[in-house]
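To start, the structure under review is shown below, and the notes come after it.
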Amino acid sequence: MDLNNILSQLESANEEEIEKLLQQYNRENCHTFTFDQKEEALRSKLCQSVLSVLGRQVQPSCQRTCLETLRILSRDKRVLAPVATREGMLTLGGMARLHAGEEGGDNQKSSQEDTQSEEEERVVVEALKCLCNVVYNSPAAQQVSVDVQLAHGLCTSLHTARTWHHEVGLFTLRLLFLLSALRPDVRGVLRREWHAVRLLTEVLEHTLDVRWVGPYEAASPDPQALPMPAEDNERAMEALKALFNLTLSDAGGEEDDHQFRLIAAILRHLLMLKTETEEKTEEAHSHAVNLLNNLPVSCLDVLIDVPVQGGLDKYGGKNMDAVQVLLDFMEKRIDKGSNYKEGLTPVLSLLTEGSRHHREIRRYIKAQVLPPLTDVKIRPEIGTTIRNKLVRLMTHVDMGVKQTAAEFLFVLCKESVDNLLKYTGYGNAAGLLVARGLLGGGRGETQYSEDEDSDTEEYKSAKPFINLITGHVEEPMPNPIEEMTEEQKEYEAQKLVNMFDKLSRQNVIRPMGVRPDGTLAPLEETLCDPPGDNSGSDSD
């Protein structure tokens with residue numbers, strides 16, 4: 001449909017003609033996401049014309065059609081100048097019923113919701129969709145949103161979350177997520193002045209149907225209950241993403257601590273829920289993991305401290321159901337074999353910090369991941385156990401992935417080099433030991449309790465024969481120099497020295513040594529360093 005023709009007709013058309021004209025445009029372009037650059041100026045004019053129509057007193061059906069047109073146009077970030085103005089954003093905000101800064105806003109909003117027709121609700125939804133597109137695609141619109149306190153209007157809307165219809169709630173939460181993601185300066189205001197963290201927590205609580213049975217303990221989901229409806233799951237994901245943005249900054253104060261412990265309890269409840277598909281359940285768990293990573297590590301005890309439901313005597317009466325869900329989630333992400341950086345490292349980091357600071361969590365995870373060794377004839381990176389999979393990751397090409405996997409196993413071993421090498425072999429652990437300056441052995445800086453680390457009889461009997469580099473008992477290999485004469489051995493040794501010397505002089509390799517403090521340095525430096533006084537060292 002010719003844009004010049006539309007623009008000329010819009011100038012003189014009545015409301016009914018405008019609606020028919022734009023409906024035809026919408027039908028033709030509803031699936032258009034790439035636009036002709038030659039028509040940019042015309043589309044920008046169409047944006048202005050549509051905003052002018054919305055500024056008049058027109059019927060909801062005409063408003064909705066205009067907003068649909070604007071939503072299609074807002075997919076092109078180059079034509080948003082007419083919308084990214086104070087007038088344009090206030091028009092869209094008004095259509096979306098976001099009344100920022102108004103006295104008695106909550107009551108007004110509630111009364112509006114009560115009297116809202118189906119057609120009026122469609123107008124609100126379309127306006128929210130437009131705002132999402134415009135805010136996402138236009139930095140100028142983001143700034144205007146801050147100026148007109150759009151975030152305040154969104155928080156006012158959160159007060160009435162229990163009365164939301166699905167799409168109104170979904171796009172209200174999505175808009176809050178986008179604004180808090182794209183404007184970090186708004187996050188502090190949302191938290192301090194408009195209590196967005198508390199409001200979003202209440203939205204989650206209602207959406208997930210949380211029933212409290214203790215201060216930070218939700219009732220266990222009914223095993224016979226139906227999976228969480230898809231619409232509830234969608235809204236919960238948007239709320240989790242917005243909460244993630246708002247909790248990125250450091251927390252402080254007793255009120256924050258209480259709020260974060262509530263969030264942790266709700267996330268534990270979410271981990272126990274099932275959605276309509278396994279894919280959606282995994283997505284929910286992924287968002288829960290991301291948000292748990294933002295909470296103070298001291299709050300993670302909420303995941304295991306559920307007195308009403310009870311726990312395991314072996315782990316001090318703590319309930320490990322949520323930790324097991326996180327372990328299962330981690331293994332699924334490993335098995336996917338791709339996107340480890342974004343998909344796997346968050347859950348590895350969460351379990352690492354949980355294990356570092358909570359003894360029961362560490363003991364439980366170690367029992368699952370690093371059970372006592374029995375068969376040491378196979379290399380630690382070969383096999384299908386979770387230990388084998390994690391050891392393989394210790395030599396992954398992505399530095400972040402391999403460091404996170406190695407740190408996780410190191411913490412499970414209470415940051416003891418000897419214990420880590422027992423489960424991984426020196427070759428797999430070398431990267432971590434170099435980074436930590438622990439090539440000479442020893443422990444990390446964290447203090448751990450003295451508890452179980454007993455070896456099986458099978459391991460004790462095989463220990464003298466284990467190759468420390470590979471971490472397993474190797475089959476006897478034929479000695480290549482056994483039948484050589486002394487002259488041949490001396491010749492081969494000299495040949496090897498010459499090869500190393502040549503590579504070293506050409507800077508292909510650089511001989512390194514280990515300083516007394518466990519760090520690597522050029523060999524000539526380590527030979528000059530006097531040995532440290534280790535008389536005061538002590539083992540556990």
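Of the options T404, L412, V411, a side-chain contact (heavy atoms from CB on, under 4.5 Å) to F408 is made by L412 and by none of the others. Put simply, the residue from E282, E283, E276, E278 that forms a salt bridge (Lys or Arg N to Asp or Glu O under 4.0 Å) with K280 is E283.
Judged purely by distance below 3.5 Å, without hydrogens or angles, the side chains of T275 and T281 pair a donor atom with an acceptor atom. Counting only N and O atoms by type, the side chains of S504 and D501 include no donor and acceptor under 3.5 Å apart. Defined by atom type and a distance below 3.5 Å, a donor-acceptor pair is missing between the side-chain atoms of R379 and N467.
Pairing each heavy atom of M320 with each of E360, the nearest pair is CE-O, 3.5 Å.
Rounded to the nearest 0.5 Å, atoms NE2 (H287) and CG (N233) are 8.5 Å apart. Note that CG of L154 and CG of L131 are 8.5 Å apart. Values are rounded to the nearest 0.5 Å. Rounded to the nearest 0.5 angstrom, R187 CZ and T247 OG1 are separated by 9.5 Å. One finds the CG atom of L439 at 5.5 Å from the CG atom of L433 (value rounded to the nearest 0.5 Å). In this structure, the separation between OG on S355 and NZ on K366 is 11.0 Å, given to the nearest 0.5 Å.
Not a single donor-acceptor pair under 3.5 Å links the side chain of E490 to the backbone N or O of E487. A side-chain donor-acceptor contact under 3.5 Å links H357 to the backbone of E353.
Sequence neighbours left out, the pairs with a member in residues 362-385 that pass ring pair (Phe, Tyr, Trp, His ring centres under 6.0 Å) are Y315-Y364. Screening residues 328-353 for ring pair (Phe, Tyr, Trp, His ring centres under 6.0 Å) gives Y340-H396 as the qualifying pairs, with residues at least two apart or on separate chains.
Under a 4.0 Å N-O distance rule, the pair K377/D375 does not qualify as a salt bridge. Of the charged side-chain nitrogens involved, at least one lies within less than 4.0 Å of a carboxylate oxygen, so that K389 and E331 count as a salt-bridged pair. Between R356 and E407, at least one side-chain N (NZ, or NE/NH1/NH2) sits under 4.0 Å from a carboxylate O, which counts as a salt bridge. Electrostatic pairing of E238 and K241 counts as a salt bridge here, judged by a charged N lying under 4.0 Å from a carboxylate O.
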(request) Show the numbers, then the answer: is there a salt bridge (charged side-chain N to carboxylate O under 4.0 Å, His left out) between E217 and R268? (result) CA-CA 9 Å; E217 181 178 359; R268 184 191 188 281; over 6 Å; no
(request) Show your working on side chain to side chain contact (heavy atoms under 4.5 Å, CB included) between L158 and L200 and close with a plain yes or no. (result) CA-CA 7 Å; L158 291 180; L200 285 166; 4.2 Å; yes
(request) Evaluate the side chain to side chain contact (heavy atoms under 4.5 Å, CB included) criterion for residues N294 and L243: first the C-alpha distance (whole Å), next the side-chain angles of each, then the deciding distance (0.1 Å), finally the verdict. (result) CA-CA 10 Å; N294 281 0; L243 271 172; over 6 Å; no
(request) For K489 and E486, run salt bridge (charged side-chain N to carboxylate O under 4.0 Å, His left out): C-alpha distance rounded to whole Å, both residues' side-chain angles, the deciding distance at 0.1 Å, then the answer. (result) CA-CA 5 Å; K489 291 178 185 177; E486 291 301 317; 3.6 Å; yes
